[in-house]
Amino acid sequence: MTKGTGFPYQIQGKERREALAHCRDTVRRWNLTMPDVEPLVLDFGLGRFDEIGEIEFWVANEEEAGYCGKFLYVNDGQTCPYHNHDVKHETFFVLKGQVRMVIDGGEKVLQQGDALVMPPGQRHSFTGVGPALLLEVSMPSTQGDNFFSNSAIGNGGVI
């Protein structure tokens with residue numbers, strides 16, 4: 001998948017700069033350093049970044065080698081929307097903060113230090129309970145393997 005500001009479904013301009021500054025200030029207060037990459041600042045094309053969005057710092061997305069690693073940042077109350085993957089198998093690890101995960105309709109709060117395996121087909125979303133930083137280790141992220149419950153996202157719910 002394409003990374004950086006050329007990827008659609010992102011906020012731009014002043015809103016992007018402010019969101020990144022807030023994220024970086026929070027990460028600095030945690031005494032962490034994000035990779036030197038151009039992050040994705042996603043609103044999933046809905047225009048409600050503070051409510052539905054996340055910031056992704058991709059470390060690797062090696063399709064041929066079969067792996068992906070990225071950091072996912074959400075603010076308090078901000079949600080990565082409900083979705084699933086047909087192919088991608090993911091593991092999430094909470095580095096900082098807490099997130100409320102919705103998994104196939106059930107809820108679970110993950111704390112700092114918790115890990116959660118997400119097999120293909122399992123529908124999920126997560127919401128920051130306070131600001132939160134997760135590490136995603138997974139199979140590669142590929143276009144056409146992100147199926148959102150909200151059909152207003154992407155092309156009829158598919159990115």
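Residue numbers run from 1 in the order of the sequence given.
- The nearest pair of heavy atoms linking Asp43 to Gly45 is OD1-N, 2.8 Å.
- Considering only heavy atoms from C-beta on, Arg100 comes within 4.5 Å of Glu107 through its side chain.
- Closest approach of Val158 to Gly144, counting heavy atoms only: CG1-CA, 3.9 Å.
- With values rounded to the nearest 0.5 angstrom, Thr79 atom OG1 is found 11.5 Å from Asp50 atom CG.
- Side-chain contact between Gln112 and Leu95: absent, with no pair of heavy atoms (C-beta onward) separated by less than 4.5 Å.
- If you take CG on Leu134 and CD on Glu90, they are separated by 10.5 Å, rounding to the nearest 0.5 Å.
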**Report entry** Evaluation steps, side-chain hydrogen bond (donor to acceptor under 3.5 Å, both in side chains), between Asn75 and Tyr73
**Finding:** CA-CA 7 Å; Asn75 288 308; Tyr73 175 87; 2.9 Å; yes
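- Within 6.0 Å of CG on Asn155 lie no more than 12 heavy atoms contributed by other residues, nucleotides or ligands.
- Under the 4.5 Å side-chain heavy-atom criterion for grouping Ile, Leu, Val, Met, Phe, Trp and Tyr, Leu133 is not connected to Phe92 through any hydrophobic cluster.
- Counting heavy atoms from C-beta outward, Cys23 and Ile55 have side chains that approach closer than 4.5 Å.
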**OP:** Start with the C-alpha gap between Lys70 and Ser141, add the side-chain angles, then the distance that decides, and say whether side-chain hydrogen bond (donor to acceptor under 3.5 Å, both in side chains) holds.
**Re:** CA-CA 10 Å; Lys70 54 187 166 180; Ser141 291; 3.1 Å; yes
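- Tyr82 and Ile52 sit in two unconnected hydrophobic clusters of ILVMFWY residues. Membership requires side-chain heavy atoms under 4.5 Å apart, directly or through other members.
- Between Gly128 and Asp76, the shortest heavy-atom contact is O-OD1, 3.6 Å.
- If you chain together hydrophobic residues whose side chains sit under 4.5 Å apart, Val109 and Val74 never meet in one group.
- Placement of Val99 and Leu116 within a single hydrophobic cluster is found when ILVMFWY residues are connected by side-chain heavy-atom separations under 4.5 Å, directly or transitively.
- Side-chain contact between Pro35 and Trp58 is absent, with no heavy-atom pair separated by less than 4.5 Å.
- Linking ILVMFWY residues whenever their side-chain heavy atoms come closer than 4.5 Å, directly or via other members, leaves Tyr67 and Phe57 in distinct clusters.
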As a quick check of understanding, evaluate side chain to side chain contact (heavy atoms under 4.5 Å, CB included) for Ile103 and Met118, giving each step before the final call.
CA-CA 9 Å; Ile103 306 158; Met118 195 67 56; 4.1 Å; yes
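- The two residues Gln10 and Leu40 come nearest to each other via the heavy atoms OE1-CA, 3.2 Å.
- When all heavy atoms of Asn61 and Pro140 are compared, the pair lying nearest together is OD1-CA, 3.3 Å.
- Ring geometry, His124 versus His83: the interplanar angle falls from 30° to 60°, so the pair is classed tilted.
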query = Can you list the steps and then say if Phe126 with Leu72 is a side chain to side chain contact (heavy atoms under 4.5 Å, CB included)?
reply = CA-CA 10 Å; Phe126 57 88; Leu72 312 173; 3.8 Å; yes
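- Between Glu15 atom CD and Phe49 atom CZ the span is 7.0 Å, to the nearest 0.5 Å.
- Considering only heavy atoms from C-beta on, His85 stays 4.5 Å or farther from Pro120 through its side chain.
- Residue Arg16 holds its CZ atom at 9.0 Å from CG of Leu42, rounded to the nearest 0.5 Å.
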Could you walk me through whether Phe147 and Arg123 pass the side chain to side chain contact (heavy atoms under 4.5 Å, CB included) test, one step at a time? CA-CA 9 Å; Phe147 303 94; Arg123 297 183 315 160; over 6 Å; no
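- Rounding to the nearest 0.5 Å places CG of Asp145 at 8.5 Å from CE of Met139.
- Counting heavy atoms from C-beta on, the side chains of Gln143 and Phe7 come closer than 4.5 Å.
- Note on Lys88 versus Glu136: salt bridge recorded, some NZ/NE/NH1/NH2 to OD/OE distance being below 4.0 Å.
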* Asked: Is there a side chain to side chain contact (heavy atoms under 4.5 Å, CB included) between Thr142 and Val87 once you walk through the steps?
  -> CA-CA 9 Å; Thr142 58; Val87 176; 5.8 Å; no
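- In this structure, SG on Cys68 lies 9.0 Å from CD on Glu62, to the nearest 0.5 angstrom.
- For the residue pair Phe44 and Pro81, the shortest heavy atom distance occurs at CE1-CD, 3.4 Å.
- Side-chain atoms of Ile159 and Phe148, non-hydrogen and from C-beta on, do get closer than 4.5 Å to each other.
- Ile153 has its side chain out of reach of Tyr9: every pair of non-hydrogen atoms, C-beta onward, lies at least 4.5 Å apart.
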